[in-house]
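Here's the structure we're looking at; comments come further down.
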Amino acid sequence: MAQTVTSPDGNLSVSFSLTEQGVPTYKVDYKGMPVVKTSRLGMELNEENSLMDKFRINNTSTTSFDETWQPVWGEEKEIRNHYNELLVEMEKPSNGRFMNLRFRVYDDGVGFRYEFPQQVYLPYFVVKAEHTEFAMTGDHTAWWIPGDYDTQEYDYTESKLSEIRGLMEAAKCDNASQTFFSPTGVQTSLQMKTAEGLYINIHEAALVDYSCMHLDLDDKNFVFRSQLTPDAQGNMAHCQTPCTTPWRTIMVVDDARKVLASRLILNLNEPCRYTDTSWITPVKYIGVWWEMIGGGKAWSYTNDLPSVHIGTTDYTKCKPHGNHPANNANVRRYIDFAAQHGFSQVLVEGWNIGWEDWFGHSKDYVFDFQTPYPDFDIKALNDYAHSKGVRLMMHHETSSSVRNYERHLDAAYNLMDKYGYNSVKSGYVGNIIPRGEHHYGQWMNNHYLYCVTEAAKHHIMVNAHEAVRPTGLCRTYPNLIGNESARGTEYESFAGNKASHTTVLPFTRLQGGPMDYTPGILEGDMSKVDPGKHHNINSTLARQLALYVTMYSPLQMAADLPENYERYSDAFQFIKDVAIDWDESRYLEAEPGQYITIARKEKGTDNWFLGCTAAENGHQSVLRLDFLEPGRKYEATIYADAKDADFRTNPKAYTITKRTVTAKTVLKLKAAPGGGYAVSIIPL
């Protein structure tokens, strides 16, 4: 007999039942219409007595929950967490083992997880495979990237589910570390749209002490099956009871804007673990970065060393190659620029010894995260920054030698304490050491969280690049202030991102947490940055401004060179003005792969900022400003694509206009192909 639990508004329902063979199954309906057909659940163990069938139900119970909580930073100052819950307690009589399933049903989606109480006959177990199914009702449109245990840095492909197999090879691109597992494997967060106009999103929440879940598609029957990331021995997870898996999440809404407004993933995470969060503050920063990524300059100091022995190699005896941007004079230039224009931090990459042989050698002792190059005076530069009201941001590239990073982690964080750093950008480029582990396996997921919790002891915020994609853990550990874990702006300096890329990411990657996308490239002609390059970035200048609103993050970089901001000082004003923490967000227009328009109210003020990003076809907006306070006048500064702007032919054509607006104003604004617009709305 089926057990059913419905959402608070009654539109979404989950039904659980056991088959005649005792196999756990569930299905999801929306307004009486099937969304997920009957799908099996179960856990295959690395031994004979798997938890797949022959279960009986010992007990079921339902509860309701309704709270409002306040994030330390976020897209709004308050979040409602309102759900109805079904707990199914099961036993497998043949071996005396117990497994529970907990379902939480919200108005906008479902979360469920496996729970294993402490028990005599299952104190420890090894997961061979998790058999969670998501049986779709048809050949939906999907926005997907290839399934990969080591990277998410791919452009999104829009296709029918039945077309994934044929498009898979074209969807792949080279990366420093990648491991594909199936011709129909895709990653979460997976966004889909049905022929009936429902938006379905599959992801996971609270990924702790477990391996990351991917989706393997049976493209004949349109059934996704969970595919966990294996460890070096081929096992998926090592567990000790009592324990739980991460939540498997299925968002179901009838309006694309509701996907962007959903807090399903955050709500399924535990509350903040820290009693004092006063040290966690959003950051707008610049950095010594784009001149290396885009301009081809070096992280290294010298060409004299074919290999480096940390602690032995004497850099004072080496001839500098003269192409090292992380030097005292250049960093001071960035500090001055940050102080002049109101940026709180300056990232410096390539400050520390070891970059001469950092990549591609599977090198264990690759960095010490403490010793600067001879041309980087760490004390003097930090003193200079602090005298200007600016901090330096630390950079820890691990080269994926994780044992080495943990070996040095305490000393590295102590060094940050000594010089007044409060945030670190870490990186995991290349194949993982211990060799055979993957970026998204259980061992690495535990490492990423260890770094965050250790950092909290030093009041340090963490922005990890190439780490596992977020699953809402920033609610529990809000010093996890950002991640990369997707294809960011750096790719604009290589092959470019699709013009549609930033119209998809908020539906997919950003569902689990903010991204350090590094927007704000105003000089899109790459030959002006590196004469050896001959392409433009796939964006208009105005769209680069809009990304500060549409790509939510409490950590926002102005990624271009200072001299380019000086050349476009009128457009740069929006980057200086735009907030990075919000009281309220309004999702005005959205369609994945086409356009997104968002308005946000700055935390603690009455200032609003509005942004639109559009794909190849551009977008025409008719926006009602009824979110403004009635009876009040505001000055709107509109940074828009010029009439003849186009990301391919005329990307830097923009206009800036000012007008007085009220809550009754209707704005008609046009985003060019690959373009967008940004608006600041300030009370008069």
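Distance check: His501 NE2 to Tyr156 OH gives 7.0 Å after rounding to the nearest 0.5 Å. A distance of 7.0 Å separates OG1 of Thr453 from OH of Tyr477, quoted to the nearest 0.5 Å. Note that the CZ atom of Arg475 and the CG atom of Leu268 stand 9.0 Å from one another [nearest 0.5 Å]. To the nearest 0.5 Å, atom CD1 of residue Ile460 and atom CE of residue Met416 are 4.0 Å apart. The OG1 atom of Thr518 sits 7.5 Å away from atom CD of Glu484, with the distance rounded to the nearest 0.5 Å. The distance from atom CZ of Arg600 to atom CG of Asp583, rounded to the nearest 0.5 Å, is 12.5 Å.
The six-membered or imidazole ring of Phe627 lies near that of Trp608, with a centre-to-centre distance under 6.0 Å. Between Tyr565 and His341, a ring centre-to-centre spacing not shorter than 6.0 Å is recorded. The aromatic ring centres of Tyr548 and Tyr639 sit 6.0 Å or more apart.
Under the 4.0 Å criterion applied to side-chain N and carboxylate O atoms, Lys652 and Glu523 are assigned as salt-bridge partners. Looking at Arg263 and Glu78, no side-chain N of the basic residue comes within less than 4.0 Å of a carboxylate O on the acidic one, giving no salt bridge. Ion pairing between Arg248 and Glu204 holds under the 4.0 Å rule for side-chain N and carboxylate O. Between Lys670 and Asp641, no side-chain nitrogen of the basic residue sits less than 4.0 Å from a carboxylate oxygen of the acidic one, so the salt-bridge criterion is not met.
Looking only at side-chain heavy atoms (C-beta outward), Asn483 and Arg469 stay at 4.5 Å or farther from each other. Using a 4.5 Å cut-off on side-chain heavy atoms (C-beta onward), Val549 and Leu610 make no contact. You'll find the side chain of Tyr106 stays beyond 4.5 Å of the side chain of Val252, heavy atoms only. For the pair Cys212/Leu207, a side-chain contact is recorded, criterion being any heavy-atom separation below 4.5 Å from C-beta on. Gln594 is not listed as a side-chain neighbour of Thr503, based on a closest heavy-atom distance of 4.5 Å or more. Annotation: side chain of Leu669 is in contact with side chain of Val679 (closest heavy-atom distance under 4.5 Å). Residues Asp606 and Lys601 meet the side-chain proximity criterion, which asks for heavy atoms closer than 4.5 Å. The side-chain heavy atoms of Phe337 and Val346, taken from C-beta on, include no pair separated by under 4.5 Å.
Ser485 places a side-chain N or O within 3.5 Å of a backbone atom of Ala467 that can act as its donor or acceptor partner. In this structure, the side chain of Thr277 does not engage the main chain of Val72 through any donor-acceptor pair within 3.5 Å. Not one N or O on the side chain of Trp144 forms a donor-acceptor pair closer than 3.5 Å with the backbone of Val186. Between the side chain of Asp581 and the main chain of Trp73, no donor-acceptor pair closer than 3.5 Å is present. Panel note: side chain Arg102, backbone Glu85; no donor-acceptor pair is recorded below 3.5 Å. In this structure, the side chain of Asn84 does not engage the main chain of Ser64 through any donor-acceptor pair within 3.5 Å. Remark: side-chain polar atoms of Gln544 are paired, donor with acceptor, to backbone N or O of Gly520 under 3.5 angstrom. Judged purely by atom type and a 3.5 angstrom limit, Gln556 uses its side chain to pair as donor or acceptor with the backbone of Met551. Listed for the Arg632 side chain is no donor-acceptor partner under 3.5 Å among the backbone atoms of Pro683. Proximity of a side-chain donor or acceptor of Asn201 to a complementary backbone N or O of Ile250 within less than 3.5 Å is not detected.
A donor-acceptor contact closer than 3.5 angstrom is absent between the side chains of Asp336 and Gln340. Neither side chain, Thr476 nor Arg273, offers a donor N or O lying under 3.5 Å from an acceptor on the other. There is no side-chain donor-acceptor pair under 3.5 Å between Asn607 and Tyr634. A side-chain donor from one of Lys658 and Thr637 sits under 3.5 Å from a side-chain acceptor of the other. Looking only at atom types and distance, the side chain of Tyr285 has a donor-acceptor partner in the side chain of Asp516 under 3.5 Å away. With 3.5 Å as the limit, one finds no donor-acceptor pair spanning the side chains of Thr68 and Arg80. In this model, a donor atom of one side chain and an acceptor atom of the other lie less than 3.5 Å apart for Asn267 and Trp69. A donor-acceptor contact closer than 3.5 angstrom is absent between the side chains of Ser539 and Glu492. No hydrogens or angles considered: nothing links the side chains of Tyr491 and Asp155 as a donor-acceptor pair under 3.5 Å. Of the N and O atoms on the side chains of Tyr595 and Glu589, not one donor lies less than 3.5 Å from an acceptor on the other residue. In the model, Thr502 has a side-chain atom that pairs as donor or acceptor with a side-chain atom of Thr613 under 3.5 Å. Between the side chains of Tyr30 and Asp254, at least one donor N or O lies within less than 3.5 Å of an accepting N or O. No hydrogens or angles considered: a donor-acceptor pair under 3.5 Å links the side chains of Tyr421 and Asn382.
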Please report the C-alpha distance between Tyr654 and Leu545 in whole Å, then the side-chain angles of each, then the deciding distance to 0.1 Å, and finally whether the side chain to side chain contact (heavy atoms under 4.5 Å, CB included) criterion is met. CA-CA 11 Å; Tyr654 66 96; Leu545 306 180; over 6 Å; no

Might you work through the side chain to side chain donor-acceptor pair (under 3.5 Å) test for Ser262 and Asp108, ending with a clear yes or no? CA-CA 7 Å; Ser262 174; Asp108 58 358; 2.8 Å; yes

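The 12-atom threshold is exceeded at CZ of Arg567, counting heavy atoms of other residues, nucleotides or ligands nearer than 6.0 Å. For Glu270, the CD atom counts as loosely surrounded, since its 6.0 Å shell holds 12 or fewer non-hydrogen atoms of other residues, nucleotides or ligands. Around atom NZ of Lys576, more than 12 heavy atoms belonging to other residues, nucleotides or ligands sit under 6.0 Å away.
Taking each heavy atom of Ala645 and Pro673 in turn, the nearest pair found is O-CD, 4.1 Å. When all heavy atoms of Tyr413 and Cys451 are compared, the pair lying nearest together is OH-O, 3.0 Å. Shown here for Ala256 and Ala590, the closest heavy-atom pair between the two residues is CB-O, 3.4 Å. Trp290 and Glu490 get closest at one heavy-atom pair: CZ3-CA, 4.3 Å. The nearest pair of heavy atoms linking Thr550 to Gly611 is CG2-O, 3.5 Å. Nearest heavy atom pair, residue Asp560 against residue Leu522, reads OD2-N, 2.8 Å.
The aromatic rings of Trp582 and Phe609 sit perpendicular to each other, their planes meeting at more than 60°, with 30° as the lower class boundary. Ring geometry for Trp279 versus His459: interplanar angle under 30°, hence parallel rather than tilted (30 to 60°).
Partner of Tyr428 under the ring-ring contact (aromatic ring centres under 6.0 Å, His included) criterion, chosen from His439, His447, His396: His447. With Glu591 as reference, Lys193 is the one residue of Lys193, His619, Arg257 to meet the side-chain hydrogen bond (donor to acceptor under 3.5 Å, both in side chains) rule.
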